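Keep in mind it's a predicted model, so treat the numbers as computed, not measured. All chains are named by letter (A, B, ...) in the order of the sequence lines, taking the proteins before the strands, and each is independently numbered beginning at 1.
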Protein chains: 2
Amino acid sequence: MSTSQIGRPRAFDAEAALEKAMMVFWAQGYEGASLTDLTEAMGISRKSLYAAYGNKEDLFRKALQRYAEGPGAYIAEALQAPTAREVAMAFLAGAARANTLPGLPAGCLGVQGALAAGETGRVARDTLAEWRAHGEALLRDRFRRAVQVGDLPASADPEKIARYVMTIANGVAVQAAGGATCEDLQQVADAALRNWPPA
Amino acid sequence: MSTSQIGRPRAFDAEAALEKAMMVFWAQGYEGASLTDLTEAMGISRKSLYAAYGNKEDLFRKALQRYAEGPGAYIAEALQAPTAREVAMAFLAGAARANTLPGLPAGCLGVQGALAAGETGRVARDTLAEWRAHGEALLRDRFRRAVQVGDLPASADPEKIARYVMTIANGVAVQAAGGATCEDLQQVADAALRNWPPA
DNA sequence: AAACTTCTGCACCGATCGGTGCAGAATACG
DNA sequence: CGTATTCTGCACCGATCGGTGCAGAAGTTT
């Protein structure tokens with residue numbers, strides 16, 4: 001977007017409307033969220049939606065980006081913890097909390113947004129798979145640095161540890177979608193990290 | 001079904017067609033599987049489908065039942081292992097294998113069949129959530145018996161152990177849907193059960 | 001054979017899907 | 001002011017959604 005704002009300005013808050021769209025995708029999944037569901041929640045017309053965000057796939061990608069900066073920000077925050085173990089603990093504690101926040105959909109947009117899909121949802125599904133793989137790669141890189149610094153033993157396998165932690169987080173997301181509480185999931189996280197490193 | 005077979009017999013194998021329907025739901029999810037996708041895979045017409053299985057929700061329920069008896073049979077089998085730890089190991093090893101079988105969809109029908117859904121998929125979503133909860137309850141009961149027998153210490157919490165194991169299995173399902181290999185997931189399972197009991 | 005029951009294939013239903021054309025309203029620029 | 005540019009609301013598009021009516025074919029029973 002350039003700084004020019006010639007022409008009629010839009011009558012809605014693009015960021016607030018995107019947040020609403022994110023919630024609809026989060027709660028109903030990509031294929032389960034119809035244009036009608038989205039526009040009603042966002043309070044705008046179809047035409048305004050397409051002009052501001054592009055088509056449904058574009059909107060989904062922007063909603064995911066918004067998710068990563070909002071409810072999913074715990075991931076980036078956890079990576080900054082001082083030790084590998086604290087990274088893992090912060091990551092799983094953040095997942096337990098973010099997936100069970102009151103007033104927000106249960107579970108994780110990056111998991112339930114499109115885990116299996118028909119032809120129309122394939123792009124969304126692949127986008128999320130790539131997003132999860134990217135998160136796992138960030139964890140792996142963080143654990144690699146921990147090995148270099150001596151925080152983790154040289155025998156530790158950063159890739160396997162990252163996969164282990166991400167698998168737990170994904171399981172937490174499914175459990176949350178099924179109604180598990182934050183305390184339930186925090187206990188699972190504690191148990192999963194009781195012996196460290198796991199691999 | 002009664003033993004009477006008056007009238008024209010159906011021209012297709014109901015069990016084989018159900019198996020095909022299961023695969024479509026497994027790969028594409030409830031909402032992503034259209035009637036056209038289903039009937040083409042099953043090799044029958046819409047009319048035959050409705051006469052033999054009921055509507056789409058009924059077909060989904062029957063496909064899930066079929067899944068539990070087929071690719072998901074590892075769950076019931078694992079429950080019969082002699083010790084609690086072997087139950088958990090067999091369960092997670094079975095999940096790692098069943099979620100990555102060549103020639104079959106990756107992941108678990110009970111997870112990706114309908115994790116988040118719109119209005120039309122709500123029944124399917126709740127059906128799967130209940131199915132997963134039922135599996136967790138079976139694990140819990142099995143671990144309770146292990147406590148009674150002395151296989152698990154009296155301080156162990158069967159409910160928490162069951163939740164822990166099921167959470168790992170759910171995470172394995174998500175990872176498999178994203179392309180993880182059986183070996184990858186077996187290593188995760190090994191790491192998750194390295195110290196026992198987990199709670 | 002006739003009568004009865006069930007299954008099949010085709011065409012079709014209203015509803016909803018994602019997406020768009022168009023006219024007019026609202027702003028900035030000259 | 002006039003003109004250019006953008007946004008809004010409405011109606012509408014073809015395609016697909018899940019589901020069904022109907023005529024006739026294919027069996028069993030008597």
Please tabulate, for side-chain N and O atoms in residues 192-199 of chain B, each donor-acceptor pair with protein atoms closer than 3.5 Å (sequence neighbours left out).
unit_1    : atom_1 : unit_2    : atom_2 : d
Arg194(B) : NH1    : Pro198(A) : O      : 2.7

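- Considering CD of Gln112(B) and CG of Asn99(B), their distance stands at 8.0 Å, rounded to 0.5 Å.
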Side-chain polar contacts of residues 166-178 of chain B - donor-acceptor pairs under 3.5 angstrom, sequence neighbours left out - could you list them?
unit_1    : atom_1 : unit_2    : atom_2 : d
Thr167(B) : OG1    : Gln175(A) : NE2    : 3.0
Thr167(B) : OG1    : Arg163(B) : O      : 2.6
Asn170(B) : ND2    : Met166(B) : O      : 3.4
Gln175(B) : NE2    : Glu136(A) : OE1    : 3.2
Gln175(B) : NE2    : Thr167(A) : OG1    : 3.0

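- Take Glu86(B) and apply the side chain to side chain contact (heavy atoms under 4.5 Å, CB included) test, not counting sequence neighbours, and it matches Ala81(B), Pro82(B), Thr83(B).
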Distances under 3.5 Å between protein N/O atoms and the N/O atoms of nucleotides 1-4 of chain C, please, pair by pair.
none

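- A search for side chain to side chain contact (heavy atoms under 4.5 Å, CB included) contacts involving Asp141(B) returns Arg144(B), not counting sequence neighbours.
- For Lys20(B), the NZ atom is loosely surrounded, since the number of other residues' heavy atoms within 6.0 Å does not exceed 12.
- Take Arg61(B) and apply the side-chain hydrogen bond (donor to acceptor under 3.5 Å, both in side chains) test, not counting sequence neighbours, and it matches Asp58(B).
- The interatomic distance linking Phe60(B) (CZ) with dG18(D) (P) rounds to 14 Å, in whole Å.
- Partners of Leu101(B) under the side chain to side chain contact (heavy atoms under 4.5 Å, CB included) rule, at least two apart in sequence or in another chain, are Arg97(B), Leu104(B).
- Applying the side chain to side chain contact (heavy atoms under 4.5 Å, CB included) rule to Ala146(B) yields the partners Ala84(B), Arg142(B), Asp151(B), Leu152(B); only residues at least two apart in sequence or on another chain are considered.
- In this entry the distance linking CG of Leu49(A) with P of dT8(D) reads 11 Å, nearest Å.
- In this structure, Trp131(A) and Asp126(A) have side chains that are not in contact, with every pair of non-hydrogen atoms separated by 4.5 Å or more.
- Residues Met22(A) and Leu18(A) form no side-chain contact, since every pair of their non-hydrogen atoms from C-beta on lies 4.5 Å or further apart.
- Of the inter-residue distances, the one linking Leu38(B) atom CG with Ser34(B) atom OG reads 6.5 Å to the nearest 0.5 angstrom.
- For Arg8(A) and dC29(C), the CZ to P distance is 17 Å, given to the nearest whole Å.
- Looking at residues 109-119 of chain A, you'll see that no heavy atom sits under 4.0 Å from any atom of DNA chain D.
- Every residue two or more places apart in sequence or in another chain that forms a ring-ring contact (aromatic ring centres under 6.0 Å, His included) with Phe60(A) is listed here: Phe25(A), Tyr30(A).
- Rounded to whole Å, the distance from OH on Tyr53(B) to C1' on dG18(D) is 18 Å.
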Write out a two-atom table: protein N or O, nucleotide N or O from nucleotides 9-17 of chain C, distance below 3.5 Å.
unit_1  : atom_1 : unit_2   : atom_2 : d
dC17(C) : OP1    : Ser34(A) : OG     : 3.4

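- Within residues 12-29 of chain A, no residue has any heavy atom under 4.0 Å from DNA chain C.
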